[in-house]
Structure formats: structure tokens, C-alpha cells
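Below: one structure, written as C-alpha cells.
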Amino acid sequence: MTTTDKLPTRRENFSEWYNQIVQRAELADYAPVRGCMVVRPYGWALWENIQMALDRRFKATGHVNAAFPLLIPKSFLEKEKEHVEGFSPELAVVTIGGGETLEEPLIVRPTSETIIGYMYSKWIKSYRDLPLLINQWGNVVRWELRTRLFLRTLEFYWQEGHTAHATSEEAEEETLRMLNVYADFAVNEGALPVIAGLKSDKEKFAGAVRSYTIEAMMGDTRALQSGTSHFLGQNFARAFDIQFLDWNNEMQYAWTTSWGLSTRIIGAIIMTHGDDKGLILPPRLAPIQAVIIPIYKSDQEKKAVMESVERVRQELAGFRIKVDDRAEVTPGFKFNDWEMRGVPLRIEIGPKDVENNCVTLARRDLPGKAGKSLLSQQNLSQAVTQSLDEIHTALYDRALAFRQANTHDPVDYAALTEAVANGWAYSWWCENPECEARVKDDTKATTRCIPLDQPDGTGACIVCGKPARRKVIFARAY
RNA sequence: CGGGGUGUGGCGCAGUUCGGUAGCGCACCGCGUUUGGGACGCGGGGGUCGGCGGUUCGAGUCCGCCCGCCCCGACCA
């Protein structure tokens, strides 16, 4: 989409604001098949930075990468009861191959627990083979009815970690370790404040014993599940016969986990940090950390400016830098263009800067004059490092303040229904599914998670008034 | 799958009431002037009007069937 029209504001029409940013910033475009997306180079560059930041953390916690097949025998899905019930409605099934009807239909993986479970049963014989810690980067297909770019598409890209352990304790520990990896990534790379917590039975992954999640609040106050980590108990081990001989020479089923984070996180970044001028990318993930815009009138000025630009570019070689030297658009157009695309820093270099051996630095998160400063070309690299760090912190602080301002602690059920109409409710809950269902029926809000951090003491369930041990977050979600 | 809407150059739309040789804005291409917050002038290219069938001398426009997409609901990383 190429247009100079203004974006709708977030207040006017949040979902249209989101759709237009995705396309105008050239992150993604609609594919010819309904519900599928093309991730464009700028969006994929962002995903690559996400992958690198996560992969580093996976390796640091002892995991290795592998690749499992896209096609899975249909019967595999059917081996775990809850799992098949959870996924059946959204499977893409291949029934013909090479012009022949297949003896057994193949499904396009909606997730890989089953085929990885099958392989693990072949590979795991002894406690000495454990833990087995494998991750894969790939794509999966889920036949969703209502789709949005990045948030919910038929096909999406993600990583899925699958681990097997000798004891329940070890597996549970792994589940929480990876949840913390996601939280650390969200906070320190994406500047996304997230709440780590436990999913209710209703909201957990089909086939899991317990699911954990990191939940983030978007700019319209709706919640987005941004990463999940599951303790699978022995469910898949029993279904796929993953058995090992333990220290006492006895056969035992392994304990498994799985954890995933998808391109949906890009939606979280857009909807958490973006403003009415467009995208704002967190500096540590941004494909372009600073864009240099040369400004000149005459050829003579151009020569001097471009020399300066080249010097600055070399000074900043350690950053992801783009020089926008397009001749066919004005600097003013470029300012707006790169703001739309969320580049954290803009460096303007014009005749006045050349004369004073300076550059003009503008922060994306602070619009207009407030974010502009005049900097010496000496030690610019240091100033850019500092500025990017400041932007990261400012984005995180702003998002956290927004979440806090929109998280309520309702006094009664009536107040709860009001709270979830424009924010989150953080309330005592007795953990009875009927209370959860009632809130959903009345308000469309679901339980997002039972935060791991809990206040002391106990309370009364916000719905039924019975004793409650823990507080939960109710919110409308994507 | 239920309810509502919509389909005309890449995008946004007008034209449909009352049938008569398809138009506007933006984008795109060329030349020139511009350039510190979305430049301007002149010239140019691009559409079998969602598809199929029918009525008619003639269909974007009338009739029938089909298809796609969007919004709202049930399901979901």
C-alpha cells in the first residue's frame, strides 16, 4: 500500500489502525489464499532478529535445533484424546498424493507433539538418554475461521521446543525455565511488559497437564497470549510409548514439555508500542536502528552533506543503519515514511549540521521537537548506544504504566463486568470453571492467567463469593 | 456455518436510478523546477467493470445462477 493519507488513530478504529500499519510499514501482505500472509522482507528481518534473540537463549539453556516433517499421519493426532479433540476442527488434511488417494490421510502439522513423540519413543531407551532437549523453527497450519495478519493466520511461523525428562519435577522445572526465557526475551528485547502465569483448565493446551503463558496488554487494553510453555506430564509419553529404563532397572514413561512462540509476537510489538504516526520498533529487534536522511539544495551542498553522511555511516558501522538517499522524495516525506515504519532513531544531516560538524538526532518515541537533539559527530556512536537504550526503557516504562493504569481490582461482580469492558480485572477466583464460564458469557472476557506472583492471603471469589486461594486476570483477548 | 455488507486500473471511489463507445483522486513512468516535517508543473502508461449465462441493434447499468472478500457471532498461538 502506498499512500500519503493519514492513518486512522488508535482511538478512532484500533483494528483498522493495526491493519494499515502492517501493510504500510511493509511488514506483511495478504496472500491469494484466504487467511494466509506473505511476510515481507522488512517483517521477516524483524522475525530474524526475534529468532536470533530467542535462539541464543535456547542454546544457553542447553537446547539444540532439529527439523521434523510438515506432514503427519492422521492417526498420530488421534492417539492423545484431548489433543485430537482440541485440534480436529482446525486441521488441514492431505488426501491425495501423486494423483492417488492416500491409504492414510496426512495432516499438515498444527503443532508437532505427536510426530516428535513418535520419534522420541525410538530414541529414548534409558535414563541416560534424558533429558532430551530439542527445538525446531518452522511453520504450522491451523484452519482458523477469523484471521488477522500476524495475530491469527492459517499458516504461521514459530518455534516449538519439545523436551523429555526422567522425572516430573525436572519437566515442570523445564516448563517454568522456558516460560522465564520468554518473559526475559519479551522484556529485554521487545520492551514488552508481560505477566507470567498459569492457564486455567479451560484455556490450557489440548493434551497438557498445565499450561503457562506470558500475557501482554495491547494498546486497546485487550490481552494477547504472547508465548506458552506446557507441562505435558506423561500424556504424550503414554500415547507414543516413550519409555525408558530408570536407575532401578524399571521401565517408566518419560515426562515431556513443549513451548512455543510465534510470529504473533510481531502483532504484540505493533499493538503495544505503535502510536498514531505508525509503528515503533523496540531498538534491540528493529531491522533498522537508525536511518540517516541527507538534506541539501544545491549540488555543492549535496557533495558536502554526502561526505558527512558517509563519515557518520562508518562511525556507526556497529549498528543497523540505513541511508535514505532517494532523490525523488523530500526529506519531509522521508521523516513520515520512517516514522510509519517504526525506526527508533533518525539522523538528519543537512548544510547546517555539516557547518557545525553536528547531526540532528530524533527519537521515534518522542514526537516533534521533544525528541530532537543536536549532537556532535564526535563520539556519535556512544550517543546512539545511549539513545537506543533510553528508547528501550522508555517504551517498556510507557507500556507498563499503561497496563497498570488499565488493570482494575473490582470490588464486586458488577464492577468486574465494567472493568473488563475497558481493561483487565485482577480478581480473586475460586478456580471453578462455572464461574469462569459465567464471566465469559456475560462479558466475553476470559481468564488470561493466574499470575505466578500472588499476593499474600486469600479472598472471596469475585463471581460466587466462595473462598479463593489465588487471583486471576480476566480480560477480553485476541 | 448463521446474520449483514460489498465487488469498476495497484489503492480509494464516481458512473447503475433512466442501457448508447469507462471517469476522478492517489500511486506508477518521463522531463524540468524543488528538498530542515507528507513539493509542484507539463506530458504519459495502465481497466474484456468478480465469473458464467440470458434479454437487447447495443449491458458496468436489466434478469438468473455461481464465486470472492469484508464486518458481526460460535472456535483459536
Side-chain angles (χ1 to χ4, degrees), chain A residues 1-7 13 15-16 19-20 23-24 29-35 85-91 109-111 138-148 150-160 182 199 202-206 208 211 213-216 223-230 258-268 277-278 293-299 301-302 305 324-340 346-355 358-360 362 367-369 371-372 374 440-441 444 446 477-478:
Chain A
M1 184 190 297
T2 312
T3 173
T4 53
D5 290 348
K6 281 225 163 72
L7 274 178
N13 189 344
S15 98
E16 188 54 27
N19 290 340
Q20 288 201 22
Q23 289 186 79
R24 285 162 75 162
D29 203 351
Y30 293 100
V33 176
R34 178 196 72 87
E85 282 172 8
F87 281 107
S88 280
E90 48 188 80
L91 295 180
R109 64 182 171 208
T111 179
N139 53 341
V140 289
V141 168
R142 299 179 186 178
W143 215 263
E144 303 292 349
L145 299 178
R146 293 189 58 197
T147 59
R148 300 282 305 280
F150 290 119
L151 299 175
R152 183 172 299 107
T153 45
L154 298 200
E155 179 188 18
F156 60 88
Y157 301 87
W158 75 344
Q159 57 67 218
E160 48 180 323
Y182 289 153
K199 282 288 185 190
K202 170 83 174 65
E203 298 289 327
K204 76 178 169 66
F205 174 72
S211 289
T213 175
I214 52 172
E215 296 283 327
L224 186 76
Q225 178 174 311
S226 305
T228 48
S229 186
H230 313 289
S258 68
W259 27 275
L261 186 145
S262 75
T263 38
R264 175 180 248 200
I265 198 79
I266 293 174
K277 287 169 151 306
I293 298 183
I295 299 160
Y296 49 79
K297 293 191 171 78
S298 64
D299 280 353
E301 278 179 354
K302 177 176 178 181
V305 165
D324 187 352
D325 56 2
R326 285 178 292 177
E328 66 274 17
V329 289
T330 61
F333 179 92
K334 293 176 186 178
F335 294 172
N336 287 285
D337 195 33
W338 292 109
E339 278 167 2
M340 168 66 67
R346 178 178 72 237
I347 296 168
E348 303 170 20
I349 302 179
K352 284 182 244 166
D353 302 297
V354 170
E355 199 176 313
C358 284
V359 302
T360 303
K369 285 223 166 70
K372 281 205 188 193
L374 201 62
K440 187 176 181 186
D441 287 346
K444 293 179 193 166
T446 51
Y478 277 96

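Computed over heavy atoms, backbone and side chain alike; hydrogens, waters and symmetry mates excluded. Quantities reported herein were computed from a predicted structural model and do not represent experimental measurements.
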What's the gap between [N] and [M] when it is taken at their [atom1] atoms, as a whole Å value?
N      : M      : atom1 : answer
B/rC40 : B/rU34 : P     : 15 Å
B/rC62 : B/rC18 : C1'   : 11 Å
B/rG60 : B/rG37 : P     : 49 Å
B/rG45 : B/rC28 : C1'   : 9 Å
B/rU16 : B/rC11 : P     : 23 Å
B/rU61 : B/rG20 : P     : 11 Å
B/rA59 : B/rG43 : P     : 34 Å

Counting heavy atoms from C-beta on, name the nucleotide in [options] closest to the side chain of [X].
X      : options                : value
A/F333 : B/rG36, B/rA39, B/rA74 : B/rA39
A/R346 : B/rU35, B/rG37, B/rA77 : B/rG37
A/N336 : B/rA39, B/rC75, B/rG37 : B/rG37
A/E144 : B/rC75, B/rG36, B/rU35 : B/rC75
A/K440 : B/rA77, B/rC75, B/rG37 : B/rC75

State the pairing partner of [N]; accept Watson-Crick or G-U wobble contacts with both distances under 3.5 Å, and report none otherwise.
N      : result
B/rU33 : B/rA39
B/rA59 : none
B/rG68 : B/rU6
B/rC75 : none
B/rC24 : B/rG12

Inset, instruction - Identify, with sequence neighbours excluded, every residue that meets salt bridge (charged side-chain N to carboxylate O under 4.0 Å, His left out) alongside A/K297. - result: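 None.
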Inset, instruction - With sequence neighbours excluded, tell me which residues meet salt bridge (charged side-chain N to carboxylate O under 4.0 Å, His left out) with A/E339. - result: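 By the salt bridge (charged side-chain N to carboxylate O under 4.0 Å, His left out) rule, A/E339 matches A/K277, A/R346.
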Can you tell me the distance, in whole Å, between the [atom1] atom of [X] and the [atom2] atom of [N]?
X      : N      : atom1 : atom2 : value
A/L145 : B/rG73 : CG    : C1'   : 11 Å
A/Y182 : B/rA77 : OH    : P     : 14 Å
A/I293 : B/rU35 : CD1   : P     : 16 Å
A/Q20  : B/rA27 : CD    : C1'   : 15 Å
A/M340 : B/rG38 : CE    : C1'   : 10 Å

Inset, instruction - Please determine if a side-chain N or O atom of A/T330 lies less than 4.0 Å away from the OP1 or OP2 oxygen of B/rG38. - result: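 Result: no.
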Legend entry - A/A216 versus A/S226, closest heavy-atom pair with distance: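 Shortest heavy-atom separation between A/A216 and A/S226 comes out as CB-OG, 3.8 Å.
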Restricting both atoms to N or O, compile the protein contacts to nucleotides 70-72 of chain B shorter than 3.5 Å, with distance only.
from	atom 1	to	atom 2	distance (Å)
B/rC72	OP2	A/R146	NH2	2.2

Legend entry - B/rG36 base / A/D353 side chain donor-acceptor hit below 3.5 Å: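 Indeed, a donor on one side and an acceptor on the other fall under 3.5 Å apart.
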Legend entry - A/D441, CG: over 12 other non-hydrogen atoms inside 6.0 angstrom: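 Count over threshold, so yes.
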Legend entry - For A/F205, all residues meeting ring-ring contact (aromatic ring centres under 6.0 Å, His included), sequence neighbours excluded: A/H83, A/F87, A/H230
Legend entry - Residue list, ring-ring contact (aromatic ring centres under 6.0 Å, His included) with A/F335, at least two apart or on another chain: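 ring-ring contact (aromatic ring centres under 6.0 Å, His included) list for A/F335, sorted by chain: empty.
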Legend entry - Residue list, side-chain hydrogen bond (donor to acceptor under 3.5 Å, both in side chains) with A/D324, at least two apart or on another chain: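 Testing A/D324 for side-chain hydrogen bond (donor to acceptor under 3.5 Å, both in side chains), a comparison that skips the adjacent residues, returns A/R326, A/W338.
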